[in-house]
Amino acid sequence: MKFTLYTADCTGNAKNTIYPHQRVITSEADLKKTVSYDHVCAQYESFARSDANFQFSDVVPMDCDNDHSDDPDEWITPERLANILSDVAFAVTYSRHHNLSKGSVSARPRFHVYFPTSPCNDAATHKAIKSKIHKEMSFFDGNALDASRFLFGSKGDVIWHEGSLTIEDWLLLMKTNRSIPEGQRNSSMSRIAGRLVKRFGVTDDAHNKFLEKAAECDPPLDDFELDAIWQSACKFGKKVTSQEGYIPPEQYGDNPMVPNTIISVVPTMIMLFRIISQTLTGEQRYTLGERRVNFSYTELEIMKKAKKIAERSRL
C-alpha cells in the first residue's frame with residue numbers, strides 16, 4: 001500500500017490553509033510520523049488548500065464519527081470496518097475526539113480512514129469517489145465529501161490494513177452486482193421514476209433518489225435522456241395528485257387499511273379485486289387476528305359484490 005499526504009508546519013490550526021510538505025506513505029511508521037501534523041490528502045496549487053486549487057491526489061480520506069446512531073451496537077470500529085472490507089487496502093488514524101464527548105454527543109469511536117486510489121488530477125473525480133463510498137457505507141460523514149478536506153494532527157495509534165483490492169475495485173464490484181444493463185436502462189429508470197413520484201411526490205428528495213438509482217446504469221444514461229424520463233414521471237405525478245382520494249406523501253401510511261366496519265370493507269374489496277383480476281379466479285385472504293376476508297370468485301362476481309356493499313354502506 002502506498003499513498004501521498006501533504007503536511008503543514010503546525011498542529012491544531014483550523015485557520016491554516018498552506019500544506020507545503022509532501023510525504024509518501026508506505027508503512028505504518030510513515031503514517032504515524034506524518035499525521036502528527038495537520039495534513040491534507042491532495043496537492044494544491046501554491047500549496048493552498050481549496051477545491052479550486054486541486055492538482056493531484058492518490059488517496060481519499062473518509063471520516064467516521066459514528067453519529068449515524070446512538071446505539072453502541074451499531075457503532076463502527078476499525079475492526080468492524082476490516083470485516084466489511086476484508087480485501088480492501090486502507091489505513092486508519094484516530095480523531096482528536098476518539099472516545100470523548102463532542103459537544104452534546106456522547107463519547108464513541110471516531111476515526112479517519114485513508115483509501116489509496118488511482119492518481120487523480122481533478123477535484124470532481126476525487127469527490128465522486130468519496131460520494132460513492134458514502135453511498136455504500138453511510139456511516140461515513142456525509143458532510144466531509146469535499147476535495148479540500150484537512151485533518152488535524154494527532155499522535156495516537158494507527159492501523160495499517162493491507163488488501164488486494166483498492167476501494168475503487170470494491171466499488172466496481174458492488175456496482176456490478178446490481179447494475180442496470182444496456183437494453184433495460186430506459187424502461188427500468190422510467191418505472192423507478194414513476195414509483196418514486198407516486199411515493200414521495202414531485203420533490204427534490206424523489207429526484208435525488210432517482211439520480212442515485214441512475215448511477216447503477218451500465219453504461220450510464222446521458223443527462224438528456226435522464227431528464228426526459230424524469231420530466232415524464234413528473235407529468236404522471238401531477239395527474240396522480242389530482243385524482244380523488246390521493247394521499248399526500250407526508251400522510252402516507254398514517255391510516256392503515258383495516259376493515260373494522262362495513263364502509264372500510266369497500267376499499268379493501270377494491271384492492272383485492274385488483275389483485276384477483278390478474279388471475280381472474282382463485283382465493284385471496286386478508287388476515288389480522290380473527291378478521292378474515294376470503295374470496296373465490298370471478299372478476300364479474302367480485303364487482304357485483306363490491307357494488308352491493310357500497311350501496312348498503314350508503315343506507
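Residue numbers count from 1 along this sequence. The model shown is predicted, which means the values in this text are computed figures rather than measured ones.
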Exercise for the section: State the CG-NZ distance between Leu196 and Lys209, to the nearest 0.5 angstrom. Expected result: 7.5 Å
Practice task
Answer yes or no: is there an ion pair linking Lys213 with Glu216, defined by an N-O contact shorter than 4.0 Å?
Solution key: yes
Practice task
Measure the shortest side-chain to side-chain distance between Asn53 and Phe47 over non-hydrogen atoms and say whether it is less than 4.5 angstrom.
Solution key: no
Completion exercise
Rounding to 0.5 Å, atoms OG1 (Thr125) and NZ (Lys130) come to a distance of 13.5 Å
Practice task
Test ring-ring contact (aromatic ring centres under 6.0 Å, His included) on Tyr6 and His39 and set out the steps.
Solution key: CA-CA 5 Å; Tyr6 301 82; His39 57 282; over 10 Å; no
Problem - Single-linkage hydrophobic cluster, 4.5 Å side-chain cutoff, Leu171 and Met62 together - result: yes
Problem - Contact check, side chains of Pro20 and Asp9, non-hydrogen atoms, under 4.5 Å - result: yes
Completion exercise
What one should report as the nearest heavy-atom pair of Ile84 and Trp170 is O-NE1, 4.5 Å
Handout entry: Side-chain donor-acceptor pair present, His126, Asp146, cut-off under 3.5 Å
Key = no
Practice task
Evaluate whether atom CG of Asp204 has more than 12 neighbouring non-hydrogen atoms of other residues, nucleotides or ligands under 6.0 angstrom away.
Solution key: no
Exercise for the section: Examine distances only and state if a side-chain atom of Arg110 and a backbone atom of Leu100 form a donor-acceptor pair shorter than 3.5 Å. Expected result: yes
Practice task
Mark yes when over 12 heavy atoms from residues, nucleotides or ligands other than Asp71 sit less than 6.0 Å from its CG; otherwise mark no.
Solution key: yes
Handout entry: Closest contact, heavy atoms only, Arg185 versus Ile180
Key = CG-O, 3.6 Å
Handout entry: Glu225 and Asn186 side chains, donor-acceptor separation under 3.5 Å
Key = yes
Completion exercise
In this structure, CZ of Phe111 is separated from OG of Ser95 (nearest 0.5 Å) by 10.5 Å
Practice task
Ignoring hydrogens and angles, state whether a donor on the side chain of Ser148 or Asp51 is under 3.5 Å from an acceptor on the partner side chain.
Solution key: yes
Handout entry: Any Phe236 side-chain heavy atom under 4.5 Å of Lys198 side chain
Key = yes
Practice task
Could you tell me whether the side chain of Asp30 and the main chain of Thr26 form a donor-acceptor pair under 3.5 Å?
Solution key: yes
Problem - Distance, nearest 0.5 Å, that separates SG of Cys120 from CD1 of Ile129 - result: 5.5 Å
Handout entry: Heavy-atom pair of closest approach, residues Ala42 and Ser57
Key = CB-CB, 3.9 Å
Exercise for the section: Check whether Tyr94 and Phe140 end up in the same hydrophobic cluster, where Ile, Leu, Val, Met, Phe, Trp and Tyr are linked by side-chain heavy atoms less than 4.5 Å apart. Expected result: yes
Completion exercise
Those residues at least two apart in sequence (or on a different chain) that pass side chain to side chain contact (heavy atoms under 4.5 Å, CB included) with Thr166 are Glu168, Asp169
Exercise for the section: Linking directly or through intermediates, with side-chain heavy atoms under 4.5 Å: list the remaining ILVMFWY members grouped with Trp75, chain and number order. Expected result: none
Fill in the blank from the handout: Shortest non-hydrogen pair, Gly142 vs His134, comes out as CA-NE2, 3.5 Å
Practice task
Hey, could you give me the CG/CG distance between Asp227 and Leu221, rounded to the nearest 0.5 Å?
Solution key: 12.0 Å
Practice task
May I ask you to check whether Phe90 and His161 place their ring centres under 6.0 Å from each other?
Solution key: yes
Practice task
Determine which pairs satisfy side chain to side chain donor-acceptor pair (under 3.5 Å) with at least one residue from residues 58-70, sequence neighbours left out, and list them in order.
Solution key: Thr4-Asp58, Asp63-His112, Asp63-Arg149, Asp65-Lys102, Ser69-Glu74, Asp70-Arg108
Exercise for the section: Examine distances only and state if a side-chain atom of Ser232 and a backbone atom of Ala228 form a donor-acceptor pair shorter than 3.5 Å. Expected result: no
Completion exercise
d(Gln43 CD, Phe56 CZ) to nearest 0.5 Å is 7.5 Å
Handout entry: Test of ring centre spacing under 6.0 Å for Phe152 and Phe150
Key = yes
Problem - Residues that Tyr19 engages under side-chain hydrogen bond (donor to acceptor under 3.5 Å, both in side chains), provided they are two or more places apart - result: none
Practice task
Kindly give the heavy-atom pair with the smallest separation between Leu81 and Val113, and that separation in Å.
Solution key: CD2-CG2, 3.7 Å
Exercise for the section: Say whether Leu85 and Val59 are linked into one hydrophobic cluster, either directly or through other cluster members, by side-chain heavy-atom distances under 4.5 angstrom. Expected result: no
Exercise for the section: Mind listing the closest non-hydrogen atom pair of Lys135 and Ala215 along with its distance? Expected result: NZ-CB, 4.0 Å
Problem - hydrophobic_cluster_shared for Leu151 and Val40, side chain cutoff 4.5 Å - result: no
Exercise for the section: State yes or no: do Val158 and Trp160 share one hydrophobic cluster built from I, L, V, M, F, W and Y residues joined by side-chain heavy-atom distances below 4.5 Å, directly or via other members? Expected result: yes
Handout entry: pair Asp38-Thr7: side-chain heavy atoms closer than 4.5 Å
Key = no
Handout entry: Residues that His207 engages under ring pair (Phe, Tyr, Trp, His ring centres under 6.0 Å), provided they are two or more places apart
Key = Trp230
Handout entry: Cys217 side chain near Met189 side chain, heavy-atom distance below 4.5 Å
Key = yes
Handout entry: Contacts of type ring pair (Phe, Tyr, Trp, His ring centres under 6.0 Å), residue Tyr37, not counting sequence neighbours
Key = none
